[in-house]
Amino acid sequence: MAIAFIRHGLTEGNEKGKYIGWSNPGLTPGGIEMLKRTMQSFEPYEVCFSSDLNRCLETSHFLFPEVSIISTPLLRELHFGKWEGLTYDDMKENEEYQYWLTDPSISPPGGEGMNQFIKRVEVAWEQIKAHVESLNGNRYSVISHGGVIRYLLTSLSPMSEHQSFWEWKVAYGAGYELAWKTEEDWRDQNCTSLRVVPLMGRENG
């Protein structure tokens, strides 16, 4: 059993360093080109689970055009509330924002705190597991956001690969494939191995 967690492609908000959580921009032309260059490097997956936001759905269609997509709002990024669309520089003098940086369990105004976010992502993961068991396949992909993928990697990685939330580096249009040896492992345990995806050939020079 293998499941790949892949981050969506690049958006204009990402390029400008904005908090775009539940905002719904599409991919930039550059983000699309990046996906086109890497799509052939991904191995096939049988079903794709995706956040329902445009940047993830577009990434799903570009990377896996022949694969069925199951979308859900439970796989969305953290909701940044009134801070959506703003950058660090926009808010660096904001005391409430500075306090949140030290304690993300606090909710941004009109948004959700880390504890709410974690509960939502855990529900999403349980739903994915239920779908997988009903589909009887072996290889699946999940297209989501940086925060969602970091949390799932922190929760599911084997002890030999364990890192804290912010230590996981997840590039746009890339991610990690997690594997379980048996169905029993899949139901009850962390993965037995993981690897970076896509597997890219070495460039000349």
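Numbers here are sequence positions counted from 1.
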(request) Give the minimum heavy-atom separation between E58 and L27, together with the two atoms involved. (result) OE1-N, 2.9 Å

(request) Quick one: list whatever passes side chain to side chain donor-acceptor pair (under 3.5 Å) with K92, sequence neighbours left out. (result) none

(request) Would you verify whether the NZ or CZ of R76 falls within 45 degrees of the ring axis of W22 while also being under 6.0 Å from that six-membered ring's centre? (result) yes

(request) Name the orientation class of the two ring planes belonging to Y172 and H8 (parallel below 30°, tilted from 30 to 60°, perpendicular beyond 60°). (result) tilted

(message) So E77 and I20, do their side chains get closer than 4.5 Å, heavy atoms only?
(response) no

(request) Mark yes or no for whether S144, through its side chain, and L75, through its backbone, hold a donor-acceptor pair below 3.5 Å. (result) yes

(request) Heavy atoms only: give me the nearest C48-F64 pair and the separation to one decimal. (result) SG-CD1, 4.4 Å

(request) Would you confirm whether R7, through its side chain, and A174, through its main-chain N or O, come within 3.5 Å as a donor-acceptor pair? (result) no

(message) Would you compute the distance between atom CG of N94 and atom CG of L86 and round it to the nearest 0.5 angstrom?
(response) 9.0 Å

(message) Any heavy-atom pair between the side chains of K18 and F80 that's under 4.5 Å?
(response) no

(message) Is it true that, when you exclude E133 itself, more than 12 heavy atoms of the residues, nucleotides or ligands shown sit nearer than 6.0 Å to its CD?
(response) yes

(message) To the nearest 0.5 Å, what is the distance between OG1 on T72 and CZ on F49?
(response) 10.5 Å

(message) When you measure from the side chain of T59 to the backbone of G9, do you find a donor-acceptor pair of N or O atoms at a distance under 3.5 Å?
(response) yes

(request) Supply the atom-to-atom distance N54 CG to N24 CG, rounded to the nearest 0.5 angstrom. (result) 3.5 Å

(message) Are I70 and Y140 packed together at the side-chain level, in the sense that at least one heavy-atom pair is separated by less than 4.5 angstrom?
(response) no

(message) One pair to check against side-chain contact (heavy atoms from CB on, under 4.5 Å): S157 and W168. What are the steps and the verdict?
(response) CA-CA 11 Å; S157 61; W168 290 105; 3.7 Å; yes

(message) For a 4.5 angstrom cut-off between non-hydrogen side-chain atoms, does V170 reach F5?
(response) no

(message) For a 4.5 angstrom cut-off between non-hydrogen side-chain atoms, does Y176 reach L156?
(response) no

(request) Step through the shown structure and confirm whether more than 12 heavy atoms of other residues, nucleotides or ligands are within 6.0 Å of NZ on K82. (result) no

(request) Could you tell me whether E43 and R195 have a side-chain N and a carboxylate O separated by less than 4.0 Å? (result) yes

(request) Output the distance between atom CD1 (I149) and atom OG1 (T154), rounded to the nearest 0.5 Å. (result) 11.5 Å

(message) Minimum heavy-atom separation for G21 and R55, please, with both atom names.
(response) O-NH2, 2.7 Å

(request) Considering non-hydrogen atoms only, spot the tightest contact between S107 and G113 and give its length. (result) OG-N, 3.0 Å

(message) Using every non-hydrogen atom in the two residues, find where F117 and V148 come nearest and quote the distance to one decimal.
(response) CZ-N, 3.6 Å

(message) Is the shortest side-chain heavy-atom distance between S51 and H145 below 4.5 Å?
(response) yes

(message) I need the minimum non-hydrogen distance between Q116 and E112, along with the two atoms involved.
(response) OE1-CA, 3.3 Å

(request) Just say parallel, tilted or perpendicular for the rings of Y97 and Y19, cut-offs at 30° and 60°. (result) perpendicular

(request) Would you sort out whether E15 and L10 count as a side-chain contact (heavy atoms from CB on, under 4.5 Å), showing the intermediate values? (result) CA-CA 7 Å; E15 291 177 337; L10 197 64; 3.4 Å; yes

(request) In sequence, state the C-alpha distance, the side-chain angles, and the governing distance for I118 and Y151, and then conclude on side-chain contact (heavy atoms from CB on, under 4.5 Å). (result) CA-CA 8 Å; I118 288 172; Y151 175 71; 3.3 Å; yes

(message) Within this structure, what is the NZ-CE distance for the pair K119 and M114, rounded to the nearest 0.5 Å?
(response) 14.0 Å

(message) Strictly distance-based, threshold 3.5 Å: is any side-chain N or O of E12 a donor or acceptor partner for the main-chain N or O of T28?
(response) no

(message) S105: which residues meet the side chain to side chain donor-acceptor pair (under 3.5 Å) condition with it, sequence neighbours left out?
(response) D103

(message) Do T38 and L63 have side chains that approach each other closer than 4.5 Å (heavy atoms only, starting at C-beta)?
(response) yes

(request) Check whether any side-chain heavy atom of Q98 sits under 4.5 Å from a side-chain heavy atom of E95, and report yes or no. (result) no

